[in-house]
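What follows is a single structure, written as structure tokens, with notes after it.
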Amino acid sequence: MKQFFLTTAIDYVNSRPHLGTAYEKICADVIARYKRLCGFETRFLMGNDEHSQNVFKKAVDEGLDPLAYCDQMEREFRKTWAHLDVSFDDFIRTTEPRHKAGVTEIATRLWDAGDIYEGVYEGWYCVSCEEFKQEKDLVNLNCPLHPTLKPEWIKEKNYFFRLSKYQQPLLDHFAAHPDFLQPDVRRNEILRLIEGGLIDISISRAGQSWGIPLPFDPGSVVYVWFDALINYASAVGLGGDQAMFEKWWPADLHVIGKDITRFHAVIWPAMLMAARLPLPRHVFGHGFMTLNGQRMSKTLGTIVDPIEAADRLGVDPLRLYLVKEVAFGGDGDFSWERYEERYNVDLANNLGNLVSRVTAMAHRYRGGRVAPGASSHDQLARLGERVVVDYRHAMDRFALHEGAAAAYRLIDGTNEFIAATAPWKLAKDPASADQLSQVLFDAVEAIRLAAVLLSPVMPASSREILRRVGASSADLDFDRDGRWRNDGERLVLQEGPLWPRKETTTVTDNPLPPDGPAPGALPPVSAPVAPTAPATPASDRISIEDFMKVELRTAKVLTAERVEKSKKLLKLSVDVGTEVRTLVAGIAEAYEPDALIGKTVVIVFNLKPAKLMGIESNGMVLAASPDGGTPTVVSFEAPPPPGTRVR
RNA sequence: GCCGGAGUAGCUCAGUUGGUUAAGAGCACGCGUCUCAUAAGCGCGGGGUCGGCGGUUCGAGUCCGCCCUCCGGCACCA
């Protein structure tokens, strides 16, 4: 039997799933369901990534055992996926024994192959980033991403994977398998990256407990992302169930976000080459969902809860929106208005209304029993066959949006067909009885076929439609059900609207706050809510002494000019009361230099000097800086004299 | 500045390797029409120099070069 093994990325359990993660799972689910429909024995894998120091820390902060915390998150994720009708066959957690077995197996193979070697890594290590930092990137010896954290100088035994050795083999593989990585944008990107040269990478951490020990040196654990990649293989028995592994490996498809393509299209294949294991057949890097064109960000409050979105109009309407309105592979935008618009147009007006009118006529004119007539006009049938071809072609190359569009061409065509044949007129003329039967049958059959095509996208709705048009929804099979069938009597049921039209409310585009309202609630209609910063856990707080180390003072801007060749930097000279200082501020995108002159701002007075674009900066201007937003400098309505201490 | 991505109708966007789905779809708007249906459906219409300028070609949203604009990342957010 033909088979298909696909995976999504496993998710970090630091935060709950949002619409972006849901998007990936839903798209993968559509592919999985399509493959099942086509008769593939399908294995659809998802899971959680738990061996992160951040997870460990977060659990400790919440006073939980890390595993208990992960258990809790697993329930959260599973609940979400179940709610969204994501039909995964297996769910792996990287803390499971089977995963440990897989990781151990890969590590051993790479070690035996001589592709792992021991080295010493020295450098500044930021615990929060779980990364070594270059000295030049440090901010006054602090991590640039975590300004309150001082990276530690770590000198540790470290194991490296000879990634460099696989530059040419990878290029060869890409050349031999042009569709290994899709879409093309990603492929080109990665090819350039590989051509630019690969360097060996560190794959272990010493002296940590949260992780999987290296088989050849239990004092070190496997670096979290190296560990994570292996889940795809360990989930099908690598290092454990050999028979299962042989059956399912290699994976046919990894569905991942575009941000992690290099892990999946460079490092992972190289690891498999080194382990002498076959490579996955396809990697697909999908795009990101934005909210009203803005990145989804927790701090901006631009996160959409997928369960909330599903509860608003329905799981299937959400799935259809995500699949049909976004070209799979590109970025997509979500907005509550557009979501409602698509619901009304695609579901209420078109498909839902079509089902209503056809089932109503079937009942009114034929008592609900519809069978082909003797006079066959095959215009709808031909459209159906053509649409099926387009649909398959699109779905087979993961063009999910085109697949959905193909199904909709049949739906639109059926509405047109009804207008053209006007069954209500035929019904008035007894001589047209046979023709009427055929028209009704054709319409019912078209709906049936469209429902089959849409079944991967809208599984529950598809079942309901099939039930109403007297067709079975059990064990759908594309070869049997995915074609025009001009035979058999259909017992049609006339019931209420599938998707009642929503009257357009004045839905605002305000994003939901991070911990949004109860499911079912409308988004806030009030004025935009200021993004609320996540509460800082008590353990991360600093003492007053710590704070007092930072000397904040007012300063009056005397001159301001753009830094040559810089996009973000302004060079300022400021009066700090006792002297005039030069400092550099990254606010050029938000402020014209002239607008700052004469303003009194707050600076960090006792900051060590740093060189930026060749200019020595003696202090730092305080500004509110949202992620991805423009900064606003702290200023005063009634400025105190320069040099006043701020505390 | 470097590296990516993108510029197609008022809005959101499709447009497989350059040539009969090339100038499209949906929404919005205007007009018309049907009455089976969820004030849904169907038809017609307005409106675009396919960012600009060159080039390759018998033929260019499509390929090449330069330029403009926007977005993202990095250099530079001390």
Side-chain angles (χ1 to χ4, degrees), chain A residues 136-142 144-145 147 184-186 188-189 192-193 196 258-259 287-288 290 293-295 324-327 330-333 335 337-338 341-342 344-365 386 390 393-394 397 399 401-402 405 408-409 411-412 414-427 436 439-440 443 494 496-503 563-570 583-590 603-604 607-623 625 628 630-631:
Chain A
K136 69 175 176 66
D137 291 333
L138 296 183
V139 180
N140 297 302
L141 292 184
N142 284 345
L145 299 178
D184 286 346
V185 201
R186 302 277 91 79
N188 297 337
E189 211 171 84
R192 275 193 298 274
L193 182 88
K258 63 180 182 180
D259 56 331
F288 291 148
T290 55
Q294 279 193 299
R295 280 188 71 159
K324 182 164 176 279
E325 292 309 298
V326 180
D331 290 342
D333 187 55
S335 79
E337 276 115 345
R338 190 156 171 82
E341 172 201 302
R342 296 323 308 173
N344 274 338
V345 172
D346 286 335
L347 293 173
N349 294 358
N350 284 344
L351 181 53
N353 183 50
L354 176 63
V355 172
S356 289
R357 67 196 302 206
V358 169
T359 54
M361 286 191 283
H363 267 264
R364 181 186 291 209
Y365 305 137
R386 202 160 52 235
D390 291 349
H393 180 63
R397 58 193 181 90
H401 57 297
E402 288 182 32
Y408 261 84
R409 277 203 298 284
I411 293 165
D412 290 339
T414 307
N415 270 323
E416 290 161 24
F417 172 78
I418 290 170
T421 52
W424 50 91
K425 280 184 186 160
L426 297 176
L436 175 60
V439 164
L440 291 176
Q494 186 183 8
L498 288 162
W499 298 282
R501 205 182 142 77
K502 296 282 179 209
E503 285 325 310
V563 175
E564 197 73 16
K565 288 185 183 169
S566 157
K567 200 160 72 179
K568 295 184 179 172
L569 299 184
L570 289 183
L583 50 84
V584 179
I587 53 175
E589 289 177 306
I603 67 162
V604 180
L607 198 58
K608 282 184 187 166
K611 265 200 172 173
L612 287 151
M613 301 293 283
I615 302 165
E616 186 172 275
S617 179
N618 287 284
M620 165 176 170
V621 176
L622 260 45
S625 309
T630 52

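Chain identifiers are assigned alphabetically (A, B, ...) following the order of the sequence lines, protein sequences preceding nucleic acid strands; residue numbering begins at 1 within each chain. Only this structure's heavy atoms are used, side chains among them; waters, hydrogens and symmetry mates stay out.
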Applying the Watson-Crick and G-U wobble criteria at under 3.5 Å, what pairs with [N]? Answer none if nothing qualifies.
N	result
rU17(B)	none
rA6(B)	rU69(B)
rA78(B)	none
rU56(B)	none
rU62(B)	none
rG43(B)	rC31(B)
rA23(B)	none

- prompt: Do NZ/NE/NH1/NH2 and the carboxylate oxygens of Asp346(A) and Lys324(A) come within less than 4.0 Å?
  reply: yes
Sub-4.5 Å side-chain heavy-atom contact between [X] and [Y]:
X	Y	answer
His401(A)	Glu325(A)	no
Leu440(A)	Met361(A)	yes
His393(A)	Glu402(A)	no
Leu426(A)	Tyr365(A)	no

Between [atom2] of [N] and [atom1] of [X], the distance in whole Å:
X	N	atom1	atom2	answer
Arg338(A)	rA28(B)	CZ	P	11 Å
Leu570(A)	rA78(B)	CG	P	11 Å
Asp259(A)	rG73(B)	CG	P	13 Å
Asp333(A)	rC71(B)	CG	C1'	13 Å
Leu607(A)	rA78(B)	CG	P	9 Å
Ile411(A)	rG26(B)	CD1	P	14 Å
Arg397(A)	rU17(B)	CZ	C1'	12 Å
Glu325(A)	rC13(B)	CD	C1'	9 Å

Rounded to whole angstrom, note down the [atom1] distance from [N] over to [M].
N	M	atom1	value
rC3(B)	rC67(B)	P	12 Å
rA78(B)	rG4(B)	C1'	28 Å
rA25(B)	rC66(B)	C1'	34 Å
rC27(B)	rA40(B)	C1'	16 Å
rG41(B)	rG26(B)	P	11 Å
rU20(B)	rU12(B)	C1'	29 Å
rG55(B)	rU62(B)	C1'	15 Å
rA22(B)	rG5(B)	P	27 Å

Query raised in the report: Any idea which heavy atoms bring Val621(A) and Ala585(A) closest together, and the distance?
Result: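 Nearest heavy atoms, Val621(A) then Ala585(A): CG2-CB, 4.1 Å.
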| said: Using only atom types and a distance under 3.5 Å, with no angle test, would you say the side chain of Asn353(A) pairs donor to acceptor with the backbone of Ala348(A)? | reply: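 Flag not set: sc Asn353(A) to bb Ala348(A) has no pair under 3.5 Å.
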Judged by atom type as modelled, is there a donor-acceptor pair below 3.5 Å linking the side chain of Ser617(A) to the main-chain atoms of Val584(A)? yes
Could you tell me whether [X] contacts a base, only the sugar-phosphate backbone, or nothing, with contacts defined as non-hydrogen atoms closer than 4.0 Å?
X	result
Ala427(A)	nothing
Val621(A)	nothing
Asn618(A)	nothing

Here's a test of your reading of the structure: between Arg342(A) and His401(A), which maps to the more 5' nucleotide of RNA chain B?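 The answer here is His401(A).
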Identify each atom pair where a protein N or O and an N or O of nucleotides 32-37 of chain B are less than 3.5 Å apart, giving names and distance.
unit_1: rC34(B); atom_1: O2'; unit_2: Trp424(A); atom_2: NE1; d: 3.2
unit_1: rC36(B); atom_1: O2'; unit_2: Arg357(A); atom_2: O; d: 3.3
unit_1: rC36(B); atom_1: O2; unit_2: Arg357(A); atom_2: NE; d: 3.0
unit_1: rC36(B); atom_1: N3; unit_2: Arg357(A); atom_2: NE; d: 3.4
unit_1: rC36(B); atom_1: N3; unit_2: Arg357(A); atom_2: NH2; d: 2.6
unit_1: rC36(B); atom_1: N4; unit_2: Arg357(A); atom_2: NH2; d: 3.3
unit_1: rA37(B); atom_1: OP1; unit_2: Arg364(A); atom_2: NH2; d: 3.4
unit_1: rA37(B); atom_1: O2'; unit_2: Asn353(A); atom_2: OD1; d: 2.4
unit_1: rA37(B); atom_1: N3; unit_2: Asn353(A); atom_2: ND2; d: 3.2
unit_1: rA37(B); atom_1: N3; unit_2: Arg357(A); atom_2: NE; d: 3.4

Give a yes-or-no answer on whether the side chains of Asn415(A) and Arg357(A) include a donor-acceptor pair shorter than 3.5 Å. yes
Check your understanding: Reckon Asn350(A) has a side-chain N or O less than 4.0 Å from the OP1 or OP2 of rG41(B)?
Key -> yes
Relative to its sugar, using the 90° cut-off around 0, the base of rG48(B) is anti
